[in-house]
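Below: the structure, in structure tokens.
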Amino acid sequence: MRRVAVTGLGVVAPGGNDPREFFASLVAGKSAIRVLGDDWTERLATRVAAPVDVDASAHFPAARLRMLDRVSQLALLAARQAVADAALELADEERHTAGVFFGTGMGGAATTDEGYATLYRDDSDRIKPFTVLLAMNNAAGAWIGIEHGLAGPNVTYSVACSSSAVAVGEAWQRIASGTTPVALAGGAEAPLTLGTIKAWEALKTLATEDPDDPAASCKPFSKNRSGLVLGEGAAVVVLEDWERAVQRGAEIRGEIVGYGLGTDTAHITRPTVEGQARAMRLALASAGLAPERIGYINAHGTGTLANDGVESAAIRSVFGAHADRLAVSSTKSMHGHLLGAAGAVELVATLLALQTGTLPPTMHLAEPDPECDLDYVPNTARAAPHLELAMSSSFAFGGTNAVLVCRRA
Amino acid sequence: MTTTFEGLREILVKDYELDPARLTESTLLTDIELDSLALTEVIFSLEDKYDVIAKTNGAGLATLGDVAKYIDQLIAERDAAAPPVASKKRTTGR
């Protein structure tokens with residue numbers, strides 16, 4: 001097995017349009033969740049969500065923009081940052097093996113919505129010619145490959161909320177096994193459309209708006225949590241064979257040392273302690289680490305009643321007595337649930353926690369829940385100068401549980 | 001009344017932010033980086049604008065003048081037919 005370095009980070013997410021801004025916002029405990037003001041949101045029962053404050057259209061020429069759904073725009077912006085951060089330059093022969101491993105749950109949700117509106121609302125057959133190309137799930141990954149000339153494997157994983165954690169994990173395996181020396185890995189999601197939010201609303205999993213402070217509507221691990229808050233965004237990391245990165249003098253931002261992947265087969269949505277625990281154990285085993293070595297977990301921590309208790313119990317079952325010395329936080333309390341992009345965005349948060357020795361907090365944790373009995377770094381960031389190893393968990397509808405383990409560089 | 005070429009130019013300026021000074025009837029599609037995929041979309045917009053239905057995606061058209069002539073031909077065919085067949089609304093169902 002070869003070591004896998006992270007040499008570049010890129011993120012466009014609620015709270016920050018680059019890694020530094022994003023992480024500073026998390027450490028400040030600043031929530032990017034707010035009440036959406038657009039006219040179309042009047043039909044929503046809950047109007048809180050976590051949008052990205054970026055005019056992505058300003059970054060693309062008009063002809064290109066017409067071919068990009070918002071999900072691809074966000075993905076391309078994050079990928080550009082990661083490539084620039086890595087100062088990545090590839091020889092022609094390297095381009096033939098360099099890959100893109102991408103995750104998205106929905107692909108071009110706005111395009112799909114718009115197509116249906118044309119067809120059913122407007123009773124028109126004039127579906128736009130690029131609808132297929134904008135909406136297809138692999139569009140974002142494909143555009144990243146085109147823009148950066150990466151001609152190796154280009155694969156998109158669509159496993160709901162584990163999509164981009166799986167994408168990073170699968171890229172990690174490729175590099176660790178020596179088949180791909182360089183990869184861009186990550187994910188993007190742009191689900192803030194009427195059709196998508198309505199569908200989530202119908203599932204009764206969305207948080208109700210906090211009447212006193214809408215920004216505090218997502219309350220992971222708190223007894224008064226009422227559900228998840230949808231967000232949009234993208235994150236991309238450059239993964240590189242460690243020796244290659246060292247030889248070219250790259251600045252190494254962190255290391256991915258383990259990946260665990262397993263599936264709950266009990267139910268399409270309901271998580272299990274056993275399933276989540278198994279993915280964590282697999283990740284530790286693949287890293288060759290005892291559980292006691294982990295200092296911090298960036299939890300899946302959606303803020304739903306179902307997840308947070310199960311996840312807490314799963315952590316306790318894997319870490320035993322060490323669970324009481326472990327710091328666990330859910331940054332979703334601030335950036336919301338980015339679905340297919342969540343794993344990659346939270347991986348970036350985890351890598352920056354390691355790099356800076358600072359644990360981002362779980363915000364809005366006001367009421368302790370006996371079922372959630374761990375140290376969630378409540379409401380205030382914490383210095384952790386000795387933090388060396390951390391975990392990032394993603395658990396999906398459909399049962400796919402994906403866990404990544406990272407080491408400080 | 002504006003010509004079809006002028007209508008085409010309006011679309012290219014508005015949707016593709018192209019400099020109108022670059023757009024003449026003899027301008028090659030390749031010179032303004034309008035590939036076959038982009039041309040498909042431009043023809044779609046022209047269909048809406050002139051209420052015609054193109055039978056092809058414009059393959060074989062080389063210049064902006066060619067594109068305008070192709071649309072003119074569709075308009076002539078439409079006008080020759082009775083009743084008009086092209087419609088923005090679907091033609092089947094309720």
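Just so we're on the same page: letters track the sequence lines, and every chain starts at 1. Because only heavy atoms are used, hydrogens play no part in the values below, and waters and symmetry mates are left out as well, while side chains stay in.
- Between the side chains of B:D48 and B:S45, no donor-acceptor pair is found at a separation under 3.5 Å.
- Geometric assessment of A:R174 against the ring of A:F101 yields a negative cation-pi assignment under the 6.0 Å and 45° thresholds.
- In this structure, a donor-acceptor pair under 3.5 Å is present between the side chains of A:D113 and A:T193.
- At a heavy-atom cut-off of under 4.5 Å, chain A is reached by B:D15, B:Y16, B:E17 from residues 9-18 of chain B, listed in order of number.
- With a 4.5 angstrom heavy-atom cutoff, B:I43 does not touch chain A via any of its atoms.
- Salt bridge absent: B:K69 and B:E25 never bring a charged side-chain N and a carboxylate O closer than 4.0 Å.
- At a threshold of 4.0 Å, the pair A:E147-A:R80 counts as salt-bridged, since one of the basic side-chain nitrogens sits closer than that to a carboxylate oxygen.
- For the residue pair A:N137 / A:S158, a side-chain donor-acceptor distance below 3.5 Å is found, with atom types taken as modelled.
- In this structure the side chain of A:V182 never reaches within 4.5 angstrom of the side chain of A:E94, judged on heavy atoms.
- Remark: the backbone N or O of A:N17 is paired with a side-chain donor or acceptor of A:Q81 at under 3.5 angstrom.
- Contact residues of residues 63-70 of chain A toward chain B are A:A63, A:R66, A:M67 (heavy-atom distance under 4.5 Å).
- Residues A:V155 and A:V100 are not in side-chain contact: their nearest non-hydrogen atoms beyond the backbone lie 4.5 Å or more apart.
- Donor-acceptor pairing under 3.5 Å is lacking for the side chains of A:S164 and A:Y157.
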